[in-house]
Student: 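I am attaching a structure below and will ask some questions about it afterwards.
The model shown is predicted, which means the values in this text are computed figures rather than measured ones. Residue numbers run from 1 in the order of the sequence given.
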Amino acid sequence: WTGYRPGVEGALEDFGADCAHARSELDAQLPELFAHAERFFHIPGRDSRFDARLFALLEAQRLNARRGSLPPEAMVDPRGILHEMRLRKAPAELEIMRRAAAITCEAHAEAARLAHGGRMEYELEAALDYTFRRRGAWGAAYNSIVAGGANATILHYTTNDQPLRDGELLLIDAGCELEGYASDVTRTYPVGGAFTAGQRAFYEVVLEAQSAAIKTCKPGATLQDIHHAALFVLAQGMLDLKLLTGNVVDVVESGAYKRYYMHGTSHWIGLDVHDAGAYQVNAKSRALEPGMVFSVEPGLYVARDDERAPEALRGVGVRIEDDVVITEAGCENLNAEIPRQPDEIEAWVQGFAKDEARA
């Protein structure tokens, strides 16, 4: 009894069904519906009791076939069809996702305004949530990550209850959900508004990796291509930062990079933040097509207690993530309005601080 319940009438009026019946009429209605169908759509395994009831009705109809009422010949799992439909966004869907991106941009701006020592992570989370709802979104598309300092090295840190400290970095992974569609954005801000030289070098490795990956986004490319474009830049960066030794090929082929980059670069985005859709076709990474939307999110994470890493880099985590849609000509970054360049990031945070001081 939470919220509006559409009921049988709502199935027709709200969702456009051709017909609808109460669940209590299942046994009476299905034989008649089956009698005119060559196949029916059903997802087996989610409700064993319903499966048993459904299959019993089918068997009863088979036993009565001599009366001229044959059951459907095939049962089809609809997920494959629906997932492919979800994977390719129509223009109206993309317009919603652009609006979601704009709201998410505004929310990140409000959070960046508070990125100063002494603030609590949850204060910034509250600013994000407030902006999402104030601008008409349903709320956060997933549990927002507001991770100061070493918390940024925890991939899905969501407690968001620690104080921010000037001189550390702040990773915010947050996006809104608008009319069912998710936005998924990560930015890394210097608390107080200024990167140290070491932090800037670390950040620029991830930024270069993301830029290389986005340049690879075009029709015919694959998510594997995009991952490799980011990975080789990150691997070279790990060598330059003295996190690893050797050469880029060895670092990649041996998997040594996974110590500091342990996730993929992309996932589908749409009605879910990790949306439906097969990543491979015929055992190969699928070719990208116009209308497909996915994340591009390289990162580097050095655990606080990693004794192999240079001391200045321990407890540092950086991720930069944008939502990208494939177009006929290449791609569109839905989050291009949120600064990525370190000078712009600094100016954003510092500018907001000045505005707040004047107020």
Side-chain angles (χ1 to χ4, degrees), residues 104-132 140-176 184-207 210 241 243 260-263 297-306 309-321 335 338-354 356-357:
T104 297
C105 175
E106 187 174 331
H108 270 259
E110 291 300 320
R113 184 186 302 277
L114 303 177
H116 299 278
R119 294 284 190 178
M120 301 297 292
E121 293 168 342
Y122 53 69
E123 293 182 74
L124 280 68
E125 182 182 14
L128 292 163
D129 290 342
Y130 171 74
T131 306
F132 292 157
Y142 50 94
N143 292 330
S144 298
I145 298 169
V146 182
N151 295 333
T153 66
I154 303 169
L155 290 186
H156 293 103
Y157 171 82
T158 56
T159 51
N160 301 343
D161 62 357
Q162 296 301 303
L164 302 182
R165 298 176 178 84
D166 285 327
E168 294 186 338
L169 297 183
L170 166 68
L171 186 154
I172 297 179
D173 186 338
C176 74
D184 186 7
V185 179
T186 307
R187 288 293 184 270
T188 305
Y189 304 99
V191 179
F195 289 101
T196 67
Q199 290 170 347
R200 179 179 282 258
F202 194 97
Y203 180 92
E204 287 179 338
V205 168
V206 180
L207 178 60
Q210 198 209 27
L241 294 169
L243 291 168
Y260 302 109
Y261 181 49
M262 63 292 293
H263 60 78
E297 52 176 312
L300 276 181
Y301 317 90
V302 183
R304 190 201 305 266
D305 59 355
D306 188 343
E311 188 171 355
L313 299 182
R314 296 174 193 173
V316 176
V318 170
R319 182 165 64 252
I320 308 171
E321 176 183 18
N335 312 117
I338 306 178
R340 294 187 303 144
Q341 297 297 327
D343 288 346
E344 294 174 348
I345 290 277
E346 289 180 337
W348 221 31
V349 177
Q350 292 171 6
F352 286 139
K354 291 174 184 177
E356 192 172 62

Student: Could you check if a side-chain atom of Asn151 sits within less than 4.5 angstrom of a side-chain atom of Leu170, using non-hydrogen atoms only?
Tutor: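 When only atoms from C-beta onward are counted, Leu170 and Asn151 do not touch, as no gap falls below 4.5 Å.
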Student: If you measure from OG1 on Thr159 to CD1 on Ile145, what distance do you get to the nearest 0.5 Å?
Tutor: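 These two atoms lie 10.5 Å from each other.
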Student: State, yes or no, whether a side-chain contact exists between Leu155 and Arg319 at a heavy-atom distance under 4.5 Å.
Tutor: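 The answer is yes, as the side chains (C-beta and beyond) meet within the 4.5 Å cut-off.
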Student: Could you check whether any side-chain heavy atom of Leu128 comes within less than 4.5 Å of a side-chain heavy atom of Ile172, counting everything from C-beta outward?
Tutor: yes
Student: Taking all non-hydrogen atoms of both residues, which atom of Pro342 and which atom of Leu207 are closest, and how far apart?
Tutor: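 Scanning both residues, the minimum pair turns out to be CD-CD2, 3.8 Å.
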Student: Ile320 vs Arg187, test: side-chain contact (heavy atoms from CB on, under 4.5 Å). Steps then yes/no.
Tutor: CA-CA 5 Å; Ile320 308 171; Arg187 288 293 184 270; 3.9 Å; yes
Student: Any idea which heavy atoms bring Ala127 and Leu114 closest together, and the distance?
Tutor: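 Here Ala127 and Leu114 meet closest at CB-CD1, 4.0 Å.
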Student: Let's go through Tyr189 and Trp348 carefully: what are the C-alpha distance in whole Å and the side-chain angles of both, what is the deciding distance for side-chain contact (heavy atoms from CB on, under 4.5 Å) to 0.1 Å, and is it a yes or a no?
Tutor: CA-CA 9 Å; Tyr189 304 99; Trp348 221 31; 3.6 Å; yes
Student: How long is the straight-line distance from OG1 of Thr196 back to CG of Leu169, given to the nearest 0.5 Å?
Tutor: 7.0 Å
Student: Any idea which heavy atoms bring Tyr260 and Ala309 closest together, and the distance?
Tutor: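 So the minimum-distance heavy-atom pair works out to OH-CB, 4.1 Å.
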Student: For Glu106, check side chain to side chain donor-acceptor pair (under 3.5 Å) against everything at least two apart and list the hits.
Tutor: Arg134, Arg135
Student: Give the minimum heavy-atom separation between Pro339 and Ile345, together with the two atoms involved.
Tutor: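 Of all heavy-atom pairs spanning Pro339 and Ile345, the closest is O-CD1, 3.3 Å.
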Student: Check the pair Tyr301, His263 against ring pair (Phe, Tyr, Trp, His ring centres under 6.0 Å), reporting the backbone distance first and the verdict last.
Tutor: CA-CA 11 Å; Tyr301 317 90; His263 60 78; 5.6 Å; yes
Student: Once rounded to the nearest 0.5 Å, what's the spacing between atom CG of Leu243 and atom OH of Tyr261?
Tutor: 15.0 Å
Student: Before giving the answer on salt bridge (charged side-chain N to carboxylate O under 4.0 Å, His left out), spell out for Glu110 and Arg113 the whole-Å C-alpha distance, their side-chain angles and the decisive distance to 0.1 Å.
Tutor: CA-CA 5 Å; Glu110 291 300 320; Arg113 184 186 302 277; 3.6 Å; yes
Student: Could you walk me through whether Leu164 and Leu124 satisfy the side-chain contact (heavy atoms from CB on, under 4.5 Å) test, starting with their C-alpha distance in whole Å, then the side-chain angles of each, then the deciding distance to 0.1 Å, before giving a yes or no?
Tutor: CA-CA 10 Å; Leu164 302 182; Leu124 280 68; 4.0 Å; yes
Student: Looking only at non-hydrogen atoms, find the nearest pair between Met120 and Asp161 and report the distance.
Tutor: CE-O, 3.2 Å
Student: With Glu123, which residues qualify under side chain to side chain donor-acceptor pair (under 3.5 Å), at least two apart?
Tutor: Arg119
Student: Decide yes or no for Asp129 and Glu125: does some side-chain heavy atom of the first lie under 4.5 Å from some side-chain heavy atom of the second?
Tutor: yes
Student: How long is the gap from NE2 on His116 to CG on Asp166, to the nearest 0.5 Å?
Tutor: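 CG of Asp166 is found 8.0 Å from NE2 of His116.
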Student: To the closest 0.5 Å, what do you measure between CD1 (Ile338) and NE2 (His108)?
Tutor: 5.0 Å
Student: Are any non-hydrogen side-chain atoms of Leu313 and Leu300 less than 4.5 angstrom apart?
Tutor: no
Student: Given side chains that start at C-beta, do those of Val318 and Glu204 come closer than 4.5 Å, heavy atoms only?
Tutor: no
Student: If you round to the nearest 0.5 Å, how far is OG1 of Thr153 from CZ of Arg314?
Tutor: 13.5 Å
Student: With a sphere of 6.0 Å drawn around OH of Tyr122, does it hold more than 12 non-hydrogen atoms of other residues, nucleotides or ligands?
Tutor: no
Student: Looking only at side chains, do Gln162 and Tyr157 share a donor and an acceptor under 3.5 Å apart?
Tutor: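 The criterion, which ignores hydrogens and geometry beyond distance, is not satisfied for Tyr157 and Gln162.
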Student: Which atom pair, heavy atoms only, marks the closest approach of Ala150 to Arg304?
Tutor: CB-NH2, 3.3 Å
Student: Is there side-chain contact between Leu241 and Pro310, with heavy atoms separated by less than 4.5 Å?
Tutor: no
Student: If we only count heavy atoms from C-beta on, is the Arg165 to Pro163 side-chain gap below 4.5 Å?
Tutor: yes
Student: Between Gln199 (side chain) and Gly167 (backbone), is there a donor-acceptor pair under 3.5 Å?
Tutor: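 Yes; at least one donor-acceptor contact below 3.5 Å.
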